[in-house]
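Letters A, B, ... are given to chains in the order of the sequence lines, protein chains preceding strands, and every chain is numbered from 1.
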Amino acid sequence: MKKNKLKYVGKSIPIHDVTEKVTGRLKYVGDIELHGMLHARLLLSDIAHGKIKRIDTSKAEALPGVKAIFTYENSPNTLYNSHVWLEGMEIIKDERLFSDKIRYYGDRIAAVIAEDAKTAKKAVDLIKVEYEELPVITDPEEALKEDVVKIHSPGNVTFSKELECGNIDEGFEKADYVFEDRITTQKQHHAAMEPHVCIAAPDPFGNITIWSPCQVIFQVRLITAEVLNMPLNKIRVIKAPMGGSFGGKGQPILEPICAFLAKEVGTPIKLQMDRVQTIIGTRTRNAVIGKVKTAVDSKGNILARDIDILVDNGAYFTNGSAVNMAMAKKYFRLYRIKNQRYKGTSVYTNTPIGGACRGYGSPQIHTITEINIDNIARSLNMDPVELRLKNLVHPYDEDPIGGPNLGNARVIDCVKKGAEAFKWKEKWNRPKSKGRFVKGVGMACSTHGNGYHGAYPDFITMSLRLTEDGGAYLKSGIHDLGCGTVTSIKQIVAEVLDIHPDKILAPEGDTMISPFDSAGTQASRVTFVCGGCAKKVAELAKDKLISYAAKILNCSKDDIVVEDGLVWSVNTPHYKVSYGSIVTETQNNFEDSIEVTYTYKSPSNPGVYSANFAEVEIDTLTGLVRVVDFLAVHDVGKAINKGFVEGQIHGGVQMGIGYALSEEITIDKKGRIKSDNFNRYHIINAPDMPNVKVLLIEEGEKDGPFGAKSVGEIAAVASTPAVINAINNALDIKINSLPATPEKIIKALKEKERTVNRI
Amino acid sequence: MKLEFTVNGQDYTLDVNPDDRLLDVLRDKLGLTSVKEGCSEGECGACTVIMDGAAVTSCTVLAIQARGKEIITVEGLEKNGELDELQKSFIKNGAVQCGFCTPGMLMSSKALLMKNPNPTEEEIKRAIEGNLCRCTGYVKIIKAVKDVIEG
């Protein structure tokens with residue numbers, strides 16, 4: 001075995017469809033035209049809460065080119081939950097295709113089908129809706145009150161749970177100090193550059209085919225079949241090229257509607273949202289209010305911690321429990337704290353719906369706790385790096401609430417190596433700048449998971465066949481979201497088989513031909529779980545190749561050497577045959593195929609870890625913050641494709657800085673959304689991005705393919721608290737509400753001035 | 001209304017409506033689907049094309065405003081089956097992830113290099129400030145453009 005000499009794993013091979021992307025030839029769903037296709041557009045509500053008294057579609061129907069209009073009156077009333085990805089999950093079902101009751105600004109009222117998209121839009125504007133308005137709740141704390149309006153009939157509180165380890169009271173009794181913070185995080189838009197879109201087409205056999213840039217093909221099929229009351233086999237879902245998702249296209253939103261429209265009208269339908277609809281009418285990162293209380297001794301050892309988390313579901317439940325539990329789990333897996341409690345509650349509000357969003361609760365929980373950790377350090381006059389090093393988890397620590405072992409958790413390495421590379425000590429101890437422009441540094445840590453093991457079924461089936469020309473065909477339900485999944489999986493298979501990745505065909509998911517996968521591209525499971533399966537199935541195929549090669553070359557299996565597409569026996573090294581020849585001879589002489597199907601169950605769920613370091617410059621006159629230097633250190637086990645890993649981290653930091661400084665779906669008291677396009681919803685652009693530096697800790701994870709762990713989600717976590725901590729340290733203020741807009745910074749500075757003056 | 005213009009070196013005369021955007025005409029009439037619609041208000045840059053040497057967001061330009069002008073889209077970058085240096089550099093530097101912003105990024109960078117073959121890093125950032133990308137944090141995109149200059 002040639003250890004440590006990897007040929008394909010670790011290399012920065014470009015994403016599989018890069019040429020089609022740089023030439024503009026790749027057809028995204030919005031670019032596809034089918035014969036006889038009609039175009040659909042949704043009417044979304046422009047009030048946040050009320051009952052529909054009357055819908056007048058007569059003017060819209062009269063518009064030339066309009067083919068059909070659907071509302072709650074002529075569509076299925078099946079209740080479903082778009083978060084469900086596996087049959088048998090028990091959960092609140094409160095969505096339907098079109099509502100008769102409006103629960104937020106953006107609720108779906110109708111769909112118009114027309115000859116072209118322009119006509120559909122015109123017709124939507126001609127629909128008149130009369131409402132009986134109801135009181136609006138936008139504040140999750142308001143939703144908790146007993147005497148307020150109920151958004152859904154069972155009440156506004158949808159979930160509550162308490163988890164504890166150790167003895168919380170004992171921990172607090174021993175404390176020298178207790179530090180409390182109340183921190184709020186906002187709703188964030190995923191801002192994939194491709195707005196939501198879907199095509200569905202019926203066929204003469206009564207089947208419906210859906211092309212969707214989705215994350216979980218089997219989930220799209222499951223939900224669509226449920227809503228349309230059709231057998232699963234009548235619905236085919238094809239994963240189409242994806243113009244970015246970040247969780248936003250995780251839950252099927254347009255697919256069941258589009259399939260319904262196609263079924264009713266009998267023609268292919270393209271249902272497309274524009275940016276405004278994508279911001280208000282899809283999903284958001286759940287807003288959270290967190291109250292955290294931490295007990296420490298005078299040396300900075302954390303003795304106990306207590307947190308109370310309130311999750312804003314928005315108007316429908318979707319993942320209201322799952323995101324809360326995800327936060328709970330991460331809370332226990334970053335620091336060694338003996339006594340801890342997590343209390344989580346989720347509530348409905350008349351605001352945009354929460355859903356999966358890159359990090360899935362990690363950005364919220366770590367923003368809240370990592371700001372608190374830094375506030376403790378400042379109060380104790382300790383270097384925040386030192387405080388963390390005293391308390392962070394160590395490799396192979398147990399999860400204190402009984403979850404999977406943390407695995408090779410290298411967060412301490414991240415902090416130590418990062419501090420050195422960032423010259424943290426020097427920057428931290430630098431005298432504070434005075435004057436208008438003030439610089440400061442901050443850092444933060446985070447953890448995330450590797451799949452669902454320990455929480456939900458986590459398995460995938462893959463089939464691998466070696467071809468007659470020495471290539472390989474991997475059949476599986478993978479989804480490339482633009483992160484390089486296809487190429488990474490090919491690199492893993494290529495490494496095992498010792499053939500070039502270009503010789504491997506690895507199409508993306510299609511429910512008609514892909515073997516089953518339990519969970520799709522969710523929960524940072526793809527590299528660790530799907531990659532694990534790819535490695536295993538390739539090993540089994542290689543073993544089969546060796547078995548037949550031994551028969552063909554008339555030697556024992558142990559005598560067979562397999563290298564670079566060639567096979568030979570150690571007894572006859574001059575006689576080398578290609579994989580393809582073995583495949584062909586196996587077919588002709590043994591009536592068999594070098595082909596293996598394997599179902600891989602994820603064996604563990606270790607943590608991934610990161611430490612991010614930020615330097616900011618603040619204009620104290622305007623409150624504007626610029627991140628001027630940034631280092632992201634990530635414990636990734638092993639990078640399967642270094643370029644992709646760096647790319648994930650660069651993009652994650654962009655999302656995290658935006659979350660810290662400028663991104664917010666702003667909602668007024670009436671529930672109206674103000675930041676409904678990019679001129680009012682500010683994501684970080686090129687001049688405002690620092691030149692992010694990446695440092696990888698590659699110490700290997702036992703169950704990961706070639707030691708690999710996840711990176712895509714954790715990439716978007718620690719940057720947010722790192723930036724906020726840098727601001728707080730620079731200005732000696734306490735930002736406790738995200739995003740840290742210039743207004744909030746000026747306000748905090750003025751408050752500080754007043755406090756100083758009083759003293 | 002009659003629209004006479006040049007797209008990727010070819011002359012066209014098209015019948016367009018007064019409210020047709022350049023984006024609609026390029027995508028729907030000429031099938032140039034590299035031109036993407038991301039926000040419909042000129043903020044995201046996915047629909048950027050080059051018009052008479054300048055990068056413009058084709059969702060905020062009326063088709064008729066392109067009368068007599070010369071338009072370049074990504075489809076026009078490849079010459080005799082060979083990719084433009086900028087396209088090659090985007091591939092080499094891993095500047096492409098989901099690819100939806102890529103055509104717009106390429107056109108803004110190309111417009112910059114057409115005017116200024118030796119831009120500074122700051123000038124590159126300014127040239128793509130109207131092109132939003134959620135995947136890359138712009139790091140490898142900027143590197144790809146720089147690489148073409150340093151060549």
Side-chain angles (χ1 to χ4, degrees), chain A residues 12 14-15 17-28 30-33 116 118 190-195 213 241-246 274-276 480-484 641 643-644 646-655 657 677-679 683-692 694, chain B residues 17 19-20 24 27-28 31-46 73-75 77-78 83-84 86-88 90-104 106 121-122 124-143:
Chain A
S12 299
I15 194 162
D17 50 5
V18 71
T19 306
E20 292 71 22
K21 282 171 175 168
V22 298
T23 52
R25 284 199 286 263
L26 185 69
K27 297 281 182 202
Y28 296 81
D31 304 327
I32 296 172
E33 288 296 325
D116 56 72
K118 221 182 209 176
H190 305 81
M193 286 302 114
E194 173 197 46
M242 162 80 85
S245 180
F246 315 100
D274 55 19
R275 179 60 52 187
V276 173
D480 201 310
L481 309 191
C483 318
N641 181 314
F644 291 167
E646 289 166 355
Q648 284 302 300
I649 295 168
H650 293 153
V653 171
Q654 188 267 3
M655 199 164 178
I657 295 177
N677 208 332
F678 287 134
N679 62 346
I683 85 167
I684 303 293
N685 67 355
D688 284 339
M689 261 305 277
N691 183 17
V692 178
V694 172
Chain B
N17 294 318
D19 62 345
D20 280 347
D24 304 321
R27 281 181 64 87
D28 302 341
L32 300 170
T33 53
S34 76
V35 188
K36 304 295 185 206
E37 183 163 6
C39 73
S40 324
E41 59 168 30
E43 288 286 336
C44 81
T73 71
V74 159
E75 286 87 346
L77 284 184
E78 212 174 326
L83 297 183
D84 186 87
L86 206 48
Q87 288 170 307
K88 286 186 197 165
F90 268 55
I91 296 176
K92 194 176 134 232
N93 285 285
V96 179
Q97 290 189 34
C98 88
F100 204 81
C101 78
T102 305
L106 284 165
E121 184 166 326
E122 214 42 50
I124 295 169
K125 287 182 180 178
R126 286 289 157 211
I128 59 166
E129 70 182 350
N131 293 83
L132 301 179
C133 172
R134 192 55 135 179
C135 298
T136 65
Y138 313 99
V139 179
K140 288 177 192 260
I141 293 174
I142 294 163
K143 171 98 182 4

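- The candidate from B:Val74, B:Leu106, B:Ile91 with the greatest count of non-hydrogen atom pairs under 4.5 Å with chain A is B:Ile91.
- Between A:Arg275 and B:Glu37 there is no side-chain heavy-atom pair separated by less than 4.5 Å.
- For A:Phe246, there are no ring pair (Phe, Tyr, Trp, His ring centres under 6.0 Å) partners at least two apart in sequence or on another chain.
- With a 4.5 Å cut-off on non-hydrogen atoms, A:Ile15 touches chain B through its side chain but not through its backbone.
- Taking each heavy atom of A:Tyr28 and B:Phe100 in turn, the nearest pair found is OH-N, 3.4 Å.
- Judged by distance alone, with hydrogens and angles left aside, the side-chain atoms of B:Tyr138 form a donor-acceptor pair with the main-chain N or O of A:Ile684 at under 3.5 Å.
- How far CZ of B:Arg134 is from NE2 of A:His190: 9.0 Å, rounded to the nearest 0.5 Å.
- Separation of atoms CG (A:Asp274) and SG (B:Cys39) is listed at 10.0 Å; rounding is to 0.5 Å.
- Of the listed residues (B:Glu129, B:Glu41, B:Lys125), the greatest number of heavy-atom pairs within a distance under 4.5 Å of chain A belongs to B:Glu41.
- If you measure heavy-atom distances from A:Met242 to chain B, the contacts under 4.5 Å come from the backbone alone.
- For A:Val692, the parts lying under 4.5 angstrom from a heavy atom of chain B are both the backbone and the side chain.
- Heavy atoms of A:Glu20 lying under 4.5 Å from chain B are absent altogether.
- Distance check, rounded to the nearest 0.5 Å: CD of A:Gln648 to CD of B:Gln97 gives 5.5 Å.
- In B:Lys92, the NZ atom is not crowded: 12 or fewer heavy atoms of neighbouring residues, nucleotides or ligands sit closer than 6.0 Å.
- Interface remark: of the candidates B:Val139, B:Ile124, B:Asp84, B:Ile142, B:Val139 forms the most heavy-atom pairs closer than 4.5 Å to chain A.
- With a 4.5 Å cut-off on non-hydrogen atoms, B:Thr102 touches chain A through its side chain but not through its backbone.
- Nearest heavy-atom pair across B:Val96 and A:Lys21 is CG1-CD, 3.7 Å.
- Atom NZ of B:Lys36 sits about 14.0 Å away from atom CE of A:Met193, to the nearest 0.5 Å.
- Among the candidates B:Arg27, B:Glu75, B:Arg126, the residue making the largest number of heavy-atom pairs closer than 4.5 Å to chain A is B:Arg27.
- Here the straight-line distance linking atom CD of B:Glu78 with atom OG1 of A:Thr19 works out to 9.0 Å at 0.5 Å rounding.
- The greatest number of non-hydrogen atom pairs below 4.5 Å with chain A, out of B:Ser34, B:Cys98, B:Cys44, is found for B:Cys98.
- When each of A:Gly243, A:Gly643, A:Gly484, A:Pro690 is scored by its heavy-atom pairs under 4.5 Å with chain B, the top score falls to A:Gly243.
- Between the NE2 atom in A:His650 and the CD1 atom in B:Ile141 there is a gap of 11.5 Å [rounded to 0.5 Å].
- When each of B:Leu86, B:Asn93, B:Thr33 is checked for heavy-atom pairs under 4.5 Å with chain A, B:Thr33 comes out on top.
- Counting heavy atoms from C-beta on, the side chains of A:Pro14 and B:Phe90 never come closer than 4.5 Å.
- The side-chain hydrogen bond (donor to acceptor under 3.5 Å, both in side chains) check on A:Thr23 picks up nothing, with sequence neighbours excluded.
- Comparing A:Val18, A:Asn677, A:Asp688 by how many heavy-atom pairs each has under 4.5 Å with chain B, the most go to A:Asn677.
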